[in-house]
Amino acid sequence: MPSRETATRPEWDVARAQEILQAKKHIPGALLPILNALQEEFGYINPDFVPEMADALNISRAEVHGVITFYHDYRQEPPGRHIVKICRAEACQSMGGRELEAHVKSRLGGYHGKSATGEYTLEPVYCLGNCACAPALMIDGKLHGRVTKEKFDALTAKKGKAG
Ligand code: FES
């Protein structure tokens, strides 16, 4: 699912969200493109906007909410300035991914939400297509392979305080 994986996301803006909604509400199967566009724009989907989407698409609020919660990539709160996606699939797990994950969690806190500094949001993914260079993770949309604890620390040191 597309997402603006940079530190330059704007604050949630109802007028801008409405523009996105109005621009896309007539396309077939509009809900997913709308949700994708909102997350791309703001980094998350404000749950307060569910009624507007339901009304515009003539579906129930429960249906909109159900789709948002079904797809784990959709965030319902603003992420940290930097987003770390760590691979938890087999190839990475067998190449030290578990130890790397434990280290990353110790630096950034648990999944979703934000790190103690508010700089990072950590999300699990299941294969980044970089299995040959396991273990892999992605920081702000940039893929990194053969990541060690030290390499992770160096990568995040360039971006901002991890924890
Ligand atoms: S299993 Fe981790 S990148 Fe494929």
Side-chain angles (χ1 to χ4, degrees), residues 1-12 17 20 24 27-47 49-50 53 63-163:
M1 224 154 274
S3 178
R4 185 184 301 190
E5 304 293 1
T6 71
T8 58
R9 292 174 222 98
E11 297 274 308
W12 183 268
I20 291 170
K24 295 187 182 292
I27 62 180
L31 182 56
L32 287 178
I34 290 166
L35 295 175
N36 290 343
L38 291 172
Q39 179 144 309
E40 166 75 15
E41 180 80 12
F42 302 111
Y44 75 111
I45 297 154
N46 190 326
F49 199 59
V50 166
M53 289 189 279
E63 199 172 334
V64 177
H65 177 74
V67 171
I68 293 171
T69 51
F70 178 80
Y71 293 102
H72 297 296
D73 279 350
Y74 290 134
R75 303 183 195 101
Q76 295 186 70
E77 57 188 55
R81 287 187 350 112
H82 303 292
I83 296 171
V84 176
K85 293 176 184 275
I86 188 164
C87 179
R88 300 192 70 209
E90 187 64 34
C92 285
Q93 296 257 299
S94 68
M95 293 296 288
R98 281 194 184 87
E99 294 75 22
L100 177 65
E101 180 188 18
H103 176 73
V104 170
K105 284 171 86 172
S106 79
R107 299 298 311 277
L108 304 186
Y111 287 115
H112 308 292
K114 291 183 193 172
S115 61
T117 62
E119 286 287 296
Y120 292 90
T121 288
L122 176 63
E123 297 178 341
V125 289
Y126 295 87
C127 196
L128 288 163
N130 197 37
C131 318
C133 296
L137 54 72
M138 192 175 263
I139 303 177
D140 295 334
K142 187 164 190 287
L143 188 60
H144 300 277
R146 296 195 178 95
V147 181
T148 60
K149 297 174 191 175
E150 293 75 22
K151 184 171 174 179
F152 173 77
D153 289 346
L155 287 167
T156 50
K158 286 186 210 154
K159 294 192 173 284
K161 203 163 172 1

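Positions are given from 1 along the sequence. Whatever order the structure lists them in is the order used to number ligands and atoms, beginning at 1.
Note on Glu99 versus Lys149: no salt bridge recorded, every NZ/NE/NH1/NH2 to OD/OE distance being 4.0 Å or above.
Surrounding CD of Glu90 are at most 12 heavy atoms belonging to other residues, nucleotides or ligands under 6.0 Å away.
The number of protein N/O/S atoms found under 2.8 Å from atom 4 (Fe) of ligand 1 is 2.
The minimum heavy-atom distance between Tyr74 and Gln39, with the atom names listed, is CA-OE1, 3.3 Å. Contact between Arg75 and Gly43 at its shortest, heavy atoms only, is NH1-O, 2.8 Å.
Residues Arg9 and Phe42 are not in side-chain contact: their nearest non-hydrogen atoms beyond the backbone lie 4.5 Å or more apart. Two residues are said to be in side-chain contact when any heavy atoms from C-beta on lie closer than 4.5 Å; Ile45 and Met53 meet this criterion.
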